Amino acid sequence: DLVAETSSNYSIGFVYSDSYNSNWIEALTLSADWYDLTIDDAIQGQDPGNVLDACAETLDPVACGNIDRSASGAVGLVNNRLVNIGRIEASGLDFGLNYFAPLTGIGQFDIRVNATYLDNYTEITNNADGSQTVNDLTGTITDQTFQRAFPEWRANTRFGWTLEQWNAGITFRYIDSVVQPSGDILSSRTFTDARLSYAFRPDGDGFTIAIGANNIFDKDPATCLNTCGSINMSPVLHDLPGTFGYLRVTYRH
């Protein structure tokens with residue numbers, strides 16, 4: 001019974017890039033992109049709360065037929081199958097910065113920042129009685145079977161170093177706080193990753209060996225008591241607890 005989604009998307013952006021002849025900067029690139037997206041007839045699982053509300057308020061047989069109840073009338077299961085919910089509206093701003101310091105005797109240093117700001121994420125559901133349910137999910141996390149999260153800010157900041165065939169970097173990954181359906185705050189987190197690599201040929205061909213670790217400071221994810229079930233953390237937002245290390249060998253020709 002699904003029909004195809006349609007969408008209208010608008011974006012505008014700019015990029016500034018230049019090289020310099022100074023003691024502290026060799027090259028700099030700045031970028032910003034604004035987007036505004038609308039999806040009509042969006043395909044998505046129904047919010048269980050909306051299904052219950054539609055049944056209770058309108059006695060819609062389709063909505064009520066998606067709710068299994070026990071002999072006592074208690075809700076057992078809500079079938080939130082995929083439907084054309086109505087419309088999704090989203091807008092935001094993406095930022096980028098790349099900075100390269102001049103080459104020195106101890107190598108070249110660089111900074112790369114990529115950040116995104118979610119200004120709006122709204123789902124508009126068409127109800128059986130012709131009304132609409134508007135859910136502004138900006139800055140929230142859901143308690144649906146397939147959990148979703150919409151933090152307002154995300155950012156990755158990397159400090160890098162290159163010397164001949166050596167390359168190293170440390171990256172800070174920031175995820176903004178979100179509001180749970182209960183009203184409690186799932187706090188923000190910053191995870192730190194590190195990587196060191198060596199290329200056996202200066203042109204990058206041949207073998208490269210890299211060693212690294214994610215979450216090197218063993219930062220625990222934010223505690224999620226009311227939304228995330230028995231695991232008490234959100235895997236769609238945060239790393240699983242612990243430090244993840246790796247050794248990687250690549251070959252390019």
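Treat the numbers as computed from the prediction; the structure is a model and nothing was measured.
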How far does [atom1] of [X] sit from [atom2] of [Y], to the nearest 0.5 angstrom?
{"X": "N167", "Y": "Q108", "atom1": "CG", "atom2": "CD", "result": "10.5 Å"}
{"X": "T122", "Y": "D136", "atom1": "OG1", "atom2": "CG", "result": "4.0 Å"}
{"X": "L93", "Y": "L118", "atom1": "CG", "atom2": "CG", "result": "11.0 Å"}
{"X": "S197", "Y": "I209", "atom1": "OG", "atom2": "CD1", "result": "10.0 Å"}
{"X": "T192", "Y": "D218", "atom1": "OG1", "atom2": "CG", "result": "11.5 Å"}
{"X": "E89", "Y": "D119", "atom1": "CD", "atom2": "CG", "result": "11.5 Å"}

Check whether [X] reaches the backbone of [Y] with its side chain - one donor and one acceptor, N or O, closer than 3.5 Å.
{"X": "E152", "Y": "T138", "result": "no"}
{"X": "N215", "Y": "G242", "result": "yes"}
{"X": "R189", "Y": "D220", "result": "yes"}

[X] and [Y]: same hydrophobic cluster, using ILVMFWY side-chain contacts below 4.5 Å?
{"X": "V113", "Y": "F191", "value": "no"}
{"X": "W161", "Y": "I25", "value": "no"}
{"X": "V249", "Y": "W166", "value": "yes"}
{"X": "I85", "Y": "V78", "value": "no"}
{"X": "L28", "Y": "F95", "value": "no"}

Is it true that the side chains of [X] and [Y] contain a donor and an acceptor less than 3.5 Å apart?
{"X": "Q147", "Y": "S234", "answer": "yes"}
{"X": "T133", "Y": "T125", "answer": "no"}
{"X": "E123", "Y": "N135", "answer": "no"}
{"X": "T116", "Y": "D94", "answer": "yes"}

Original post:
Is there a salt bridge (charged side-chain N to carboxylate O under 4.0 Å, His left out) between K219 and D239 once you walk through the steps?
Top reply: CA-CA 9 Å; K219 183 73 171 180; D239 287 358; over 6 Å; no
Contact check, side chains of [X] and [Y], non-hydrogen atoms, under 4.5 Å:
{"X": "M233", "Y": "L240", "answer": "yes"}
{"X": "N84", "Y": "I43", "answer": "yes"}
{"X": "F207", "Y": "R252", "answer": "no"}
{"X": "W34", "Y": "S91", "answer": "yes"}
{"X": "F100", "Y": "I111", "answer": "no"}

Subject >> Test side-chain hydrogen bond (donor to acceptor under 3.5 Å, both in side chains) applied to R173 and T190, N156, D193, the passing residue >> reply: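 In the set T190, N156, D193, the residue that makes a side-chain hydrogen bond (donor to acceptor under 3.5 Å, both in side chains) with R173 is D193.
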Subject >> Y198 and F200: CA distance, side-chain angles, deciding distance, ring pair (Phe, Tyr, Trp, His ring centres under 6.0 Å) verdict >> reply: CA-CA 6 Å; Y198 178 79; F200 287 87; 5.2 Å; yes
Contact summary for [X] and [Y], nearest pair of heavy atoms:
{"X": "L186", "Y": "C224", "value": "CD1-CB, 3.6 Å"}
{"X": "L137", "Y": "R148", "value": "CD1-NH2, 3.8 Å"}
{"X": "I67", "Y": "C55", "value": "CD1-CB, 3.8 Å"}
{"X": "V15", "Y": "S31", "value": "CG2-CB, 3.9 Å"}
{"X": "V236", "Y": "A149", "value": "CG2-CB, 4.1 Å"}
{"X": "W24", "Y": "P102", "value": "C-CD, 3.5 Å"}

Subject >> F150/Y121 aromatic ring centres below 6.0 Å >> reply: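 Ring centres of Y121 and F150 closer than 6.0 Å.
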Original post:
With ring centroids as reference points, do F172 and Y174 lie under 6.0 angstrom apart?
Top reply: no
**OP:** For side chain to side chain contact (heavy atoms under 4.5 Å, CB included), just list the numbers for T171 and T157, CA-CA rounded to whole Å, side-chain angles, deciding distance to a tenth of an Å, and then say yes or no.
**Re:** CA-CA 6 Å; T171 301; T157 302; over 6 Å; no
Subject >> Crowding at CG, N23 (>12 non-hydrogen neighbours, <6.0 Å) >> reply: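 Incorrect, the count does not exceed 12.
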Original post:
Do other residues, nucleotides or ligands put more than 12 heavy atoms under 6.0 Å from L247 CG?
Top reply: yes
Subject >> Aromatic ring pairing H253/Y251, orientation class (parallel under 30°, perpendicular over 60°, tilted between) >> reply: parallel
**OP:** State plainly whether the residues R87 and D41 are in salt-bridge range, i.e. N to O under 4.0 Å.
**Re:**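 Salt bridge between R87 and D41, a charged N being under 4.0 Å from a carboxylate O: no.
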**OP:** Using the side chain to side chain contact (heavy atoms under 4.5 Å, CB included) rule, take R158 and D110 through it: C-alpha gap first, then chi angles, then the decisive distance, then the call.
**Re:** CA-CA 8 Å; R158 178 186 183 273; D110 64 88; 3.4 Å; yes
Subject >> Worked verdict on Y10 versus T38 for side chain to side chain contact (heavy atoms under 4.5 Å, CB included) >> reply: CA-CA 9 Å; Y10 304 93; T38 300; over 6 Å; no
Subject >> L237 and V178: CA distance, side-chain angles, deciding distance, side chain to side chain contact (heavy atoms under 4.5 Å, CB included) verdict >> reply: CA-CA 10 Å; L237 270 182; V178 291; 3.7 Å; yes
